[in-house]
Every structure is written in C-alpha cells, then in structure tokens.
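Single-structure report; data block below.
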Amino acid sequence: MSTYDAVPATPDHIAIEHRVLELWEREDTFNRLRAQNAGGPTFSFTDGPITANNSMGVHHAWGRSLKDLVQRHRAMQGHEQRYQNGFDCQGLWVEVEVEKSLGLNSKQEIEEYGLDKFARACRDRVAEYSAVQTRQSKRLGQWMDWDRSYYTMTDPNIEYIWRFLKECHDREMLYRGNRPMVWCPRCGTSLSQHELIDSYRDRTHPTLHVRFPFLDAPEEAVVVWTTTPWTLPANVAAAVDPEAEYSAVRTSQGIDWVMTARVEDLFGEGADVVRTAKGAELVGRRYRGPFDDLEPGAAVEHRVVAWDMVAGDEGTGVVHIAPGCGGEDFELGKVEDLEVLVPVDDAGCFLPDYGFLAGLTTADAADPVRAHLEQQGVLVRSGTIEHRFPVCWRCGTDLIHRVVEEWFIRAEPVRQAMIDAAATVNWVPEQYGKRMEDWLRNMGDWCISRKRYWGLPLPFYKTESGEFLIIGSIEELRERAVDSLDGLEELHRPWIDGIRVRTDSGEIAERVTEVGDCWLDAGIVPFSTLGWGRESFQEGGYAAGAGEGLTQADLPDHEYWEKWFPADWISEMREQIRLWFYSQLFMSVVLVGKAPYKNVLGYEKLHDETGRAMHKSWGNAIWFDDAVEEMGADVMRWMYALQTPSQNMNFGYGPANEVRRRLLTLWNSYAFLIRYADIDGFTPTYADLEHRPPSATALDRWIVARVDETIATCDEALSGYWTPTYARAVESLVDDLSAWYIRGSRARFWRPESDVDKDAAFRTLWYVVAQTCRLIAPAMPFMAEDIWQNLVRDRAVDAPDSVHLAGWPSAGTPDTEAIRAFALAQTAISLGRGARAQGNRKLRQPLREAVIATPDADARAAVESLREEIALELNVKNVRISDAVDELLEVEIVPNFKVLGPKLGKDIPRVQQLLKAGDYERSGDDVVVGGYTLTSDEIELRTRPREGFAVADEGGLAVAVDTELDEELEDEGLARELIHFIQGQRKDADFEVADRIEISVTADARLRRVLDRFGDEIRRETLCTALAVEDGVTGAPFDADGCTGTLAVRRTS
RNA sequence: GGGCGAUUAGCUCAGUCGGUUAGAGCGCCUCUCUGAUAAGGAGGAGGUCCCUGGUUCGAAUCCAGGAUCGCCCA
C-alpha cells in the first residue's frame, strides 16, 4: 500500500503546472491566502500597466515573474496586499493596431470611418487583449486580483488626470507652444521616436545650391545647399560656423561666400578667392530671402547667424535655416529668436499665403521652387543625391519635419522637488537612481497633447475670443455644460467633443481637439486607483465609462489611499525611468509633493540566446504561449529569478534546457526521498519545520545548518529585491543536499531495521526538501506546490493544504561550526580522492587507511567529528588524524594578511620574507618573528607534499592514503567489482529495484575465495536469495584483474 | 558633447568588506559510479580579470586617464 504518489524520473513541468492550476482553482487557494493575510502588515505594490494591445511576450513574462516572485514572498511572510493588475488602454499603439485591422490608413480615413466606431473598435481591442494577457499571466502562475484590474481608459482615471491638469494650470505650469514633429504628410500625422526605428531607406532627392544676396551689397551672397527644396520658402536665416574661415569667390553671378574648406569641391582648383574672413564676421549680415516675393517670406528679416553645429565636410558650410521645418533648426531658432514659418498644412500641402505654391505637396513643390529660384537668378546649380532618409513605416512616404502647436507642462517649477523626491527612493540597481537624476536635470517641458483620437480628452476649452477654461472634473463639466450630457457615453472622443461649456464671463467655449499623452494615463494610477481625495468608497466604481463590464475594480476613498500610498515597491524595465517612473513621479510631486514609490527594481532588455534583440522579422522571437507550454512556467520563472537584472538577458530554449537540467537535482532528491519514504512507510512530523528534525550524525547537523544559512541569505536577498542571490543560494543548497547529504546518507535509508538513526535521516531529508519547497515557492510556485502536495500535505498532521499557505521559513541561527567542519571534511575528501588517483587506486577498491594531517587543533577536531563520513567517501577502513604534518608535508608559515595587514603595515613584506626563510621561532601556538609575536589567528599554515607520498594538500590540510593492498583488501575490491557487475546485469534485465534474484556462477579459484569471504555482502547488496556455485553455467562472463567467472542471474518471483 | 553601465576561462556569466591560490554552468579531455541512471561524482586542460598610471603592506575590487561595446540625453 502506497502512501506517497510515485514520482517520475523527470518532472513533466507542463503537466504539473496544469494540474496545479486546476488545484488552485478548485481549492480557491489564492483567496484563502488573501484571507489568511488580511489585517497583516501591508506590502503595497503598484503594477505598471501593460499595454493591452497584443498578446504578451516573454519580456513581459520576465517582469511579471519578478513581480509575482516578490509578492508571493511577501505573502508568505504574512503581508496583506492589493494584487491589482493594470492595463494601459489608450494611445497611438492601440490606434495603429486598430487602423491596421480596419484597413484604415490615415487620419482622414479614420474620421471618414467615424470616430465613434473607431473608439469602440479601440475599446474592443483592449477588451480582447486584456483578456488574452490575463489568461497568459494566469498560466505563468501570477497571482493577481484579476477581476479587479485597473484600465486606464475608465472615466475615473481620466477624471483624475483632469484634476491634475487643472492643478498644473492653477500653478501656471500649463502652456501652449510649438514643437517640431516628424510628420507623415500622406497620413497626416506625427510619428513618435519609436516609429522611426528602422525607418531609414535609400532615397534619391533633388539638391539645390542657392545664393542669399546681402542687402547691403547685392553682388555678394552666402551660398547654401539643401536637399529639401520645399523648405526654402520657410527660410529665415543662414547659419555659419563663427570659428571657421570663409572665402569670397568671384563667379559669373557675383561674389559667393562659402566655407574655405568647401571651396575646392564647389569651384574647382582655380577658384578666384577675393577675400577670406572668419564666419563670425558674416554673422548679423542681412540678406534677401529666396521667397521674399511671397507674403510670409517678405515679413521676415533674414540674417546670418552663428551655429557651432555647421559641418565643414558637405554642402557649402553655410546652412539654410527653416525653424518651422526641422528639429535642429527649431532649436537654433529658439536660441536666436528666429521666426517660425510653417509653410504646409497637416496633409503636407502649401498654405494659401504661399502664392503659386499654394496647395502643392512638399514633393510636388520641388520643381516650381527650382524654377522660381532660377528666375530670380539665385540658383547656383541643381542636382540629385542618394542618401538614407526616413520614411513612414505605414505608407513609405518621405517624412518631413513640421512645427506644430502642442500643450506643455513646465518642468522647471517641479524639477528640484522631483530630484529631491527621487533621492528618497531606493533604486535597484543603484545606478538607475543616477539615470533618473540625470533625466530629471535635463528634462524639457512635458508635451502632453497628441493630435489623435483614442486617448484621454484634454479638458481644455476655448472661446472664439480666446478665453481659456480648464475643466477639473465631471461634476464641473456638468455644471458648465451648455449641451446635454445624455449623449456622453464615456469621456472619449467623439462624445466629449459635442459638449460645449460656458465660461465665467458667460461665453461659449469648445474643447480643443487634442487628446493626452498616454503616460498621463499611467502616471495618475497611484491616485486614481487608490481613491485619493475621495470621500466615499464606491465598490466596483472604477469601471465607469469605457471600463464598464471589463473590471470590478473599486473606487476607494481617501482613507484607503492613506493606507496604500506610497507603494513599497514597483518594478519595470529600465526604459520606464523616463516614462512611467517619471510620469508617476511628476504627477505625485505636483499633487502631494513626494515620491509615489519607495523601492524600484529595474531590469534590462531581453534578447535571444545569442544576445541579439528579438525581432519578429528576424525570426528569432519566442512567443510566450509557445515558451510556457514547451519549457514550462517554472523553468522560465527560475531563469528570470537567476538573471542579474542589470544585465541583458539571453533567453531561449538552450538556456532553458540548462536550467531544466539543474532543476533535476532537486527533483531527484525529492524522488529519492519519496521512494524510500514509501517503502518504509515514513510519516513526517510537520512540527519539524519549525523546531527542526533530530540529528543523529554530523551530516544531519550540517545539512540543517546549511538550510538555516540559506534561509538567511534568501531573506537578505529578497528583502533587497535582488533575486539572483536568492536563486543561487537555493541552487547551492540543493547541490549540497544531493551531492553530499544524500550520497553520504544513502545506506541509512535502505537498511531494513528501524532505529533512531534511520528516523533522523528520514526526518532530516524530509525537512530539507520541505524547506526547500517553501524557499522556491515564490519563484517556482508550481513545482513547489506539486512536491508539497505529495510530500507534506496529508502525510504530516497539521500540514497546510498548500505550500503558499505555509508561510516563509524562519532562519534559525546557523550552526556555523557544523558548516565549517563539513567544509573541512569536504576538502579532506576531495584531497583524499586526489591522493587515491595519484596512487592509482580506484574508489571501488577499499584501502586500509587515510591519514589526515593538520597542525590546526580546531581543524583536527572538526575532521574527527566527521571521520566516519570521510571513511565512507574515501572507501578506507580507517581514518587517522594526525598533527604530525611534517611526515607528509613541508610546512610554511604565511601571514594572515587580513588580520596582520592593518597591524604591521609596511613591515608585512619583511615578516613574510622571514617566515618564508624559516627564520622564526615557535612558542606554543605563537610564532616569534622579526620582533613580533604572532598568535595563531595571525598566521596561516601552508603546506607542500613531501616527495614519495600519495598526498594532496590545501590550506594547511594534508591527506595521504595507504595504497598498499593485501589479499583481503584485494578480495574485498573484487567483491565490489562483482556487485557492480551483478547490478549491471539486473539493470540490463530490467529488474525492479526491489526484485529478488538468484545467481548461478561458475568461478575460478580466486573468485570462489571471494564468494566464500564476501558472499553474504554480495547477496545483501544485490538482493540475491540464492547464490549457487556450479560448473557449466552459461551466462555473462566476469573478468576483473584476471579473476574470472560466468554468471547467470534470474528473477525469483 | 553630457550622463549611466559593461569589459573576468572556448561560450554565458558570478565574484560580498581590497587580503596574496579568481569561481560556477555549458562545452572539451580523462576517470569514476551504476539501488537518484536520458542522471550523478572526481580530476584535468583552459585566465595579461580590456589597457596605462595612481592609492595601498596588498587591487579583478578603490581613484584617474584611455580603448572598445551598450544604453539615456543633447
């Protein structure tokens, strides 16, 4: 009758995980955990919202695994938590995907399609993918309150942002200003930096060299070069490098100024240079603009300005400046206070006041522009150029720069407060704090508007006369509304656009059309989800608006906010420093003057296993759904836990397989325990987990001490959010358990009789595996649970139903003596094996004696306590411990630098020399040298083996083995060989471990003697009930060192 | 140009407080175990700890400068 479920040789992670998910579901384990921790100390985690726009990737799984790991750990420690997951719902990414799926290709097509239908499609996409991501996250094992996720598109979230914006306005931080944008003239939309990645293509464009004649000397001109003819009508300045030398060259058209370094390329070797001058001399001179005959150009005073970014390696060394058509031009324009001419509209068509160009696109304008310049006599030459140029990823159209009006929040008023607040945060890794500070010191004003559709509607209202009003809440909107709010289904376009409001002066105001930056949506979360400033708690109230039916998240009250703000911890990838970490901090500093989080864990990027970025089009991307069903969630999670966060992670099936194999060690240890626990009917004692099991041997004490040590290491690592130290500590414990404890204790488990020793062995092994289960539970919740169910639950009285309800193990004071002693024994064993190898004696051959010699009395005592284990490991009859190191070794005394360094300082090298030369005297344990008396703590003994011994040494410890063999030892060795051989036969015949066998053997004289002497042992070890020596047996030939026989092995039952 | 990192074995990476003999996994070679076995164990080969200088009795570790790579900002 079996009490334990049989354990397969290797874990089927996938099957285990599905089984455990079902178990948790059936037993409502997560909610039981929450009930168990209710009222406990709080651990407040704010989840950074994942964009609910696509299924999640393995890089998301990294972050989610870390989040879950820490939350599970804190839960095991008894902390009450909120477990609120978040979805980011608005912004260009969602719009772009929806556009694709609807086959729309421009803003115009969206508007024709209908903003209401478009908004619904965006909401539907969020609903679809938030459901997908929820399913995936559950599969990963993440425990969250999935029914109460927050969605940033809900009315309450938007309303909180309104409130924040109004606060900014009240503090005069809000303004409307210009911003150069990268623009697709065909799609009629700006592109974000992200959309520019990989957007460069080889293109051919027209080039023009154009003269800008000086007003005070019309025959003289600066000559510029441009590849964007359409920007010339927006020219307001020409930039020169004030430090560079310029030359005036006489040509058929007059006198042309260009940078001296460019003269030869432009005019050939025989150029007629009439004058040279520093660029600075040209600065300030005014010139006739190329399109002064058009209204906008005529209104501008064109002049030469200084700019240190003028390049001398291409063009003319004079740069045409159009601040309305270029990012760098715009920045220079701000410095030089230049006019900003924006010649084209949203669709990239020239505006009506551009005369003959009006209505033309930027591309179509190239020829008319050239013709016009030629006609004006200012065109020097025209040509074409092939170069890399950014194009729209949607339609392939050449992108242009275009200055547009946007809304901004001033950074300066809060900059210092934000820096101060960031300094209160514990950044992990530390350097991320420096990055945040650098970002804050350099941050520009926050551009919060987007000329799009699916986003939070900015609550900015303007009257025809220019009066401005900002609405801070739905209530205020209701009070001021001129139109009925009945049609306002939610706070989104187009519905909100139809509501006009009345200003204080009684005028009618309409909303501006812009929506807000999605980082406002995410940044407000520490307020909007926690009920900041609210008087009443509204159950399920957060879902109002676009979140209706998607979530049951509450809209709490201010008391709740006080309880949970600021977050104890947040964690996202490093790029969030300038995104979510920033926007949260900004909004929090504005609203309450402090940081919204106390600890931050950031992590780097996830690459493929060769270190390359994962990319759909490169074919090296790994889908989460595939990964989790192939490598398993636990394996993935353990990989994430092992990963140093400040390093890029190389993720793939190869590394996963390595990790999977390492996990086998724990599994094998568990399987070993189950096998013998089942055979023996072992019943564990749950209280052992708290009070520790009884120890019968030094090995027992050692492994228990190692558990204590490991718990302490894990505690420290996890309290600092540093998972790799935790994961490595656990692996190290498991290695010790398997390689040393179990290997050294195996015989105790398969002895038939029961006694104190076997009981201690079982309880100790059970204790270590069960504690390890608890330790790995946060990182590998499935395997931990599966082992727990079989090993602990229902086997031990009082055991919790789930490892996740079992609490975190408490570290006792580690028995450091036991650990130190065993480390010495390990060294001795390792040395002994080395010595055997030197003496050419394989481990199977028993030897008479090993001698362990050390001058250190403590070390001798430590080794003494483990001599049985050492004898077993070295397969020797006796272990002799000696202080007569000289027998085996030459001894050298070296200073203990760590202790002696600070004491002796510069005398160290001299003392070291004297010791090495043997120029010292011993006085008891002390050493007198060079005028110093050194105690035993202040020196170390180094040893070298003397010639002619099978000796190995390390750190003052030396081990020799007696390699002499007599007949008895040889026979015993042969017996071992024979046992080894028979076990092989058993295995070849596929017998079960517990099957009994009979053996017939035809033996030579020597083998007969071995059978006579060691027959009992051979029968016992091979579970042989009858061993008959007879002639003429047909079977397998045995031959060891010339000792031969033929064996036949049969199963008895 | 400013900022933040990284550089350690063939590969991927640890390395705490500065301590003199720098580690792990994988790979490779040799051996071993065979009652954990598609495993396990031991041993070996393999290192200019990027370079230069400094501080120190002592530097992979701290400081300065440089090189290369990555990232953030401009």
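Note: hydrogens, waters and symmetry copies are ignored here, and every other heavy atom, side chains too, is used. Everything quoted here is computed from the prediction, not taken from an experiment. Chain naming here is simple, since letters A, B, ... match the order of the sequence lines and numbering starts at 1 in each.
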*Pair A/Glu412 + A/Arg415: basic N to acidic O under 4.0 Å*: yes
_Can you list everything that forms a side chain to side chain donor-acceptor pair (under 3.5 Å) with A/Asn648? Sequence neighbours excluded, please._
none
*Salt bridge or not for A/Glu575 and A/Lys605, using N-O below 4.0 Å?*
no
*Taking only N and O in the side chain of A/Arg441, is any of them less than 4.0 Å away from OP1 or OP2 of B/G3?*
no
*Given A/Phe981 and A/Arg976, is the side-chain contact (heavy atoms from CB on, under 4.5 Å) satisfied, shown in steps?*
CA-CA 8 Å; A/Phe981 179 81; A/Arg976 296 283 182 96; over 6 Å; no
*Verify the ring-centre separation between A/Phe586 and A/Trp519: is it less than 6.0 angstrom?*
no
*Identified stems (criterion: three or more consecutive Watson-Crick or G-U pairs, under 3.5 Å), RNA chain B*: B:1-7 with B:67-73, B:10-13 with B:23-26, B:28-32 with B:40-44, B:50-54 with B:62-66
*Tell me what A/Ile742 touches on the nucleic acid: a base, only sugar-phosphate, or nothing, going by heavy atoms under 4.0 Å.*
base
*Nearest-angstrom distance from the residue atom CH2 of A/Trp307 to P of B/G1*: 16 Å
*State whether A/Arg662 and A/Asp735 are salt-bridged, where the test is any N-O pair (Lys NZ or Arg NE/NH1/NH2 against Asp/Glu carboxylate O) under 4.0 Å.*
no
_Checking the side chain of A/Asn790 only, and the main-chain atoms of A/Asp5 only, is there a donor and an acceptor separated by less than 3.5 Å?_
yes
_I'd like to compare against my own output: the B/S/- annotation of nucleotides 69-74 of chain B with a strict under-4.0 Å heavy-atom distance to protein._
-BBSS-
*Given side chains that start at C-beta, do those of A/Tyr582 and A/Leu440 come closer than 4.5 Å, heavy atoms only?*
yes
_Between B/G43 and B/U48 - P atom distance, rounded Å_ = 24 Å
*Nearest-Å distance once atom P is located in both B/G27 and B/A39*: 10 Å
*Check side-chain contact (heavy atoms from CB on, under 4.5 Å) between A/Ala613 and all other residues, then give those that pass, not counting sequence neighbours.*
A/His607, A/Trp618
*Hey, does the side chain of A/Arg1019 reach the backbone of A/Thr1025 with a donor-acceptor pair shorter than 3.5 angstrom?*
no
*Using a cut-off of 4.0 Å on non-hydrogen atoms, how would the nucleic acid contact of A/Gln647 be classed: base, sugar-phosphate, or nothing?*
sugar-phosphate
Every protein N/O lying under 3.5 Å from an N/O of nucleotides 16-19 of chain B:
unit_1: B/G19; atom_1: N1; unit_2: A/Phe897; atom_2: O; d: 3.3

*Kindly state which residues belonging to residues 657-674 of chain A come within less than 4.0 angstrom of RNA chain B, counting heavy atoms of the residue only, listed by number.*
A/Glu658, A/Arg662, A/Asn668, A/Ser669, A/Phe672
*Mind calculating the distance between CG (A/Leu874) and C1' (B/U32) to the nearest angstrom?*
14 Å
*If we take the C1' atom in both B/A22 and B/U16, what is their distance in whole Å?*
14 Å
_Could you tell me how far B/U7 sits from B/A60 if I compare only their C1' atoms? Round to whole Å._
11 Å
*What residues, two or more places apart in sequence or in another chain, satisfy salt bridge (Lys or Arg N to Asp or Glu O under 4.0 Å) together with A/Asp329?*
none
*Within this structure, what is the CZ-to-P distance between A/Arg976 and B/U32, rounded to whole angstrom?*
16 Å
*What is the distance, rounded to the nearest whole Å, between atom CD of A/Glu575 and atom C1' of B/C4?*
16 Å
Exercise answer: donor-acceptor pairs, residues 720-727 of chain A side-chain atoms, under 3.5 Å, sequence neighbours excluded:
unit_1: A/Thr723; atom_1: OG1; unit_2: A/Ala641; atom_2: O; d: 2.9
unit_1: A/Tyr726; atom_1: OH; unit_2: A/Leu775; atom_2: O; d: 2.6

_For the C1' atoms, the ones on B/U55 and on B/C13, what distance do you get once it is rounded to whole angstrom?_
30 Å
*Could you check how far CD of A/Glu731 sits from C1' of B/G23, rounded to whole Å?*
15 Å
*Only counting residues at least two apart or in another chain, list the ones meeting side chain to side chain donor-acceptor pair (under 3.5 Å) with A/Ser719.*
none
*Please list, by residue number, the residues of residues 425-434 of chain A whose heavy atoms come closer than 4.0 Å to an atom of RNA chain B; answer none if no residue qualifies.*
A/Gln431, A/Lys434
*Evaluate ring pair (Phe, Tyr, Trp, His ring centres under 6.0 Å) for A/Phe682 paired with A/Tyr4, printing each intermediate quantity in order.*
CA-CA 10 Å; A/Phe682 166 67; A/Tyr4 297 85; 7.3 Å; no
_Can you pull out every side-chain hydrogen bond (donor to acceptor under 3.5 Å, both in side chains) where at least one residue sits in residues 432-447 of chain A? Sequence neighbours excluded, please._
A/Tyr175-A/Asp445, A/Tyr432-A/Glu604, A/Glu437-A/Arg441, A/Asp438-A/Asn442, A/Trp446-A/Asp517
*Kindly say whether, by distance alone, the side chain of A/Ser738 makes a donor-acceptor pair under 3.5 Å with the base of B/A36?*
yes
*Could you give the CD1-to-P distance, from A/Ile1018 to B/G35, as a whole number of Å?*
15 Å
*What nucleotide, of B/U37, B/A14, B/U12, holds the atom closest to the side chain of A/Asn650?*
B/U12
_In whole Å, I'd like the distance from the CE atom of A/Met639 to the P atom of B/C13._
12 Å
*In chain order, what residues pass the side-chain contact (heavy atoms from CB on, under 4.5 Å) check against A/Thr816, with sequence neighbours excluded?*
none
*Checking side-chain contact (heavy atoms from CB on, under 4.5 Å) against A/Phe651, which of A/Met636, A/His59, A/Glu609 comes through?*
A/Met636
*asked:* Could you tell me how far B/U34 sits from B/A9 if I compare only their C1' atoms? Round to whole Å.
replied: 32 Å
*Separation of the C1' atoms in B/G70 and B/G10, to the nearest angstrom*: 23 Å
*asked:* What is the separation between atom OH on A/Tyr582 and atom C1' on B/C4, rounded to the nearest whole Å?
replied: 19 Å
*Short N-O contact, A/Glu709 and A/Arg706, less than 4.0 angstrom*: yes
*asked:* Using the C1' atom as the point on both nucleotides, what is the distance between B/C50 and B/U8, in whole Å?
replied: 10 Å
_5' precedence on RNA chain B between A/Pro895 and A/Pro8 (nearest-nucleotide basis)_ = A/Pro895
